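Working notes, beginning with the structure itself.
Counting starts at 1 for both ligands and their atoms, following the listed order. A quick note: this is a predicted structure, and the numbers were derived from the prediction, not measured.
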Amino acid sequence: MAKPKVFLCARLPVAAEEFLADRARLEIHRGKGYISRRALMLAVRTAEGLIPTVANLVDSELMDAAPRLRVIANYGVGYDNIDTDAAAARGLPVTNTPGVLTETTADLAWTLVMASARRVGEGDRLVRSGRWEGWQPTQMLGQDIHGRTLGILGMGRIGAAMARRARGFGMKILYHDIKRLSVRAERVAGMRYASLQGLLKRSDFVSVHTPLTGNTHHLIGAGELRLMKPTAILVNTSRGPVVDEKALAAALKGGRIAAAGLDVFEREPAVEPALRKLENVVLLPHLGSASVETRTAMGLLAAKNCLAALAGRKPPNLVNSETWRGRRK
Ligand code: DGY
């Protein structure tokens, strides 16, 4: 039987590419930057499977340019880059890669908590500049993390992994989500539910873990930043547009909050110029899931999702289940 044709929008870790190459006719965008829209429109004309990343917009126009397409297997847990309604309207299954990146992304969010609280970026820049004049009792003082209050916005898998880390640091934990956990689950996890406003007012650290949807776009804007303590630190490892970058830059510049740690941006790879000028923000290039093990696991999972759908089997991580109703499992 002829192998199905799969288009990969970016290079993946080698084990994942090899796994796919053994089972599909693989075409890969091998260029350095993102694939252009024009090239992607051309590439999907003959593709049966598509593996996009967070950087590739998969909208109705692209789907219409792909008459043979049978599955969109996102390389990533967040799939706000894909118009899932348009896919459902065309009977196209969409999958993602949950679970495998939870701990790695929480590790990175924790890195940002620590780096922004303890001024790691500033310290590194000082040492490299050659202008460090030696140890001083009052030099570059940061904030303690242990014993403080962490506010987690979005209590999904990664939010819960953050709570586990916070417990190790003896922190008080607040969370806000559209769905509240049971009282028992809250007790077991050692967390308290708070309204969005309550969480912003009471937390020393606010870590964002919500998916990007119509409801979470600019969830943190000027008004929300005004509610935070002047000593508070904001960390975002979810999606850039959940935080209004211009409002954040103004709050950081005006000392309305103390610091921030960002791994994601509104218009990646562009970064709000005002943020790049500030010392009190740590900026990372969307590294949340970027460990060898995790990016490989994501690739294998995306590949398995893609190949399952192409073989007529229900993919393990189907996000628009309506496309599978009535089909055999
Ligand atoms: C995810 O999986 O959503 C990561 O942010 C990579 O896109």
Side-chain angles (χ1 to χ4, degrees), residues 7-13 15-17 28-29 33-35 40 50-59 71-84 87 94-113 152-162 177 207-217 219-220 234-243 245 260-271 282-306 315-320:
F7 186 74
L8 256 181
C9 294
R11 299 299 309 261
L12 298 187
E17 281 190 5
I28 308 177
H29 167 65
Y34 296 162
I35 185 169
L40 185 53
L50 177 65
I51 304 190
T53 75
V54 62
N56 311 118
L57 176 69
V58 184
D59 57 6
V71 59
I72 303 164
N74 202 44
Y75 180 78
V77 66
Y79 49 89
D80 46 279
N81 54 313
I82 301 171
D83 184 339
T84 49
V94 175
T95 66
N96 69 341
T97 60
V100 292
L101 48 70
T102 302
E103 300 299 333
T104 303
T105 306
D107 282 351
L108 197 278
W110 202 259
T111 303
L112 283 175
V113 165
I152 302 175
L153 269 184
M155 192 40 70
R157 294 182 193 85
I158 301 171
M162 280 302 275
D177 196 287
S207 192
V208 182
H209 300 283
T210 59
L212 175 62
T213 66
N215 293 331
T216 61
H217 183 265
L219 181 69
I220 303 295
L234 179 74
V235 165
N236 186 12
T237 53
S238 69
R239 284 292 182 265
V242 176
V243 176
E245 270 174 19
L262 304 177
D263 185 45
V264 287
F265 301 91
E266 285 198 59
R267 286 166 292 276
E268 294 175 13
V271 175
V282 179
L283 304 171
L284 294 181
H286 204 147
L287 295 179
S289 56
S291 71
V292 175
E293 299 87 343
T294 292
R295 288 283 170 88
T296 301
M298 288 166 68
L300 292 172
L301 194 50
K304 285 175 187 162
N305 278 316
C306 183
N317 308 108
L318 185 62
V319 300
N320 55 353

Closest approach of any protein heavy atom to atom 1 (C) of ligand 1, naming residue and atom: Val77 N, 3.4 Å

Minimum-distance protein heavy atom relative to atom 6 (C) of ligand 1: His286 NE2, 3.8 Å

Could you tell me whether [X] and ligand 1 have an N or O pair separated by under 3.5 Å?
{"X": "Ser289", "value": "no"}
{"X": "Gly78", "value": "yes"}
{"X": "Met298", "value": "no"}
{"X": "Arg239", "value": "yes"}

Report the part of Leu101 (side chain from C-beta onward, or backbone N, CA, C, O) that has a heavy atom under 4.0 Å from ligand 1; answer both or neither where that applies. side chain

Tightest non-hydrogen contact, residues Ile72 and Pro52, listed as CG2-CG, 3.8 Å

Output yes when a side-chain donor or acceptor of Asn305 lies under 3.5 Å from a complementary backbone atom of Pro315, and no otherwise. no

Measuring from atom [atom1] of [X] to atom [atom2] of [Y], what distance do you get when rounded to the nearest 0.5 angstrom?
{"X": "Leu57", "Y": "Leu40", "atom1": "CG", "atom2": "CG", "value": "9.0 Å"}
{"X": "Glu266", "Y": "Arg239", "atom1": "CD", "atom2": "CZ", "value": "13.5 Å"}
{"X": "Ser207", "Y": "Ile152", "atom1": "OG", "atom2": "CD1", "value": "7.0 Å"}

Give the atoms of ligand 1, by number and element, whose distance to some non-hydrogen atom of Val54 is under 4.0 Å. 7 (O)

What atoms of ligand 1 come closer than 4.0 angstrom to any heavy atom of Gly76? 1 (C), 2 (O)

Positive for side-chain hydrogen bond (donor to acceptor under 3.5 Å, both in side chains) with Asn74, one of Thr95, Asn81, Asn317: Asn81

For side chain to side chain donor-acceptor pair (under 3.5 Å), just list the numbers for Asp107 and Thr104, CA-CA rounded to whole Å, side-chain angles, deciding distance to a tenth of an Å, and then say yes or no. CA-CA 5 Å; Asp107 282 351; Thr104 303; 5.3 Å; no

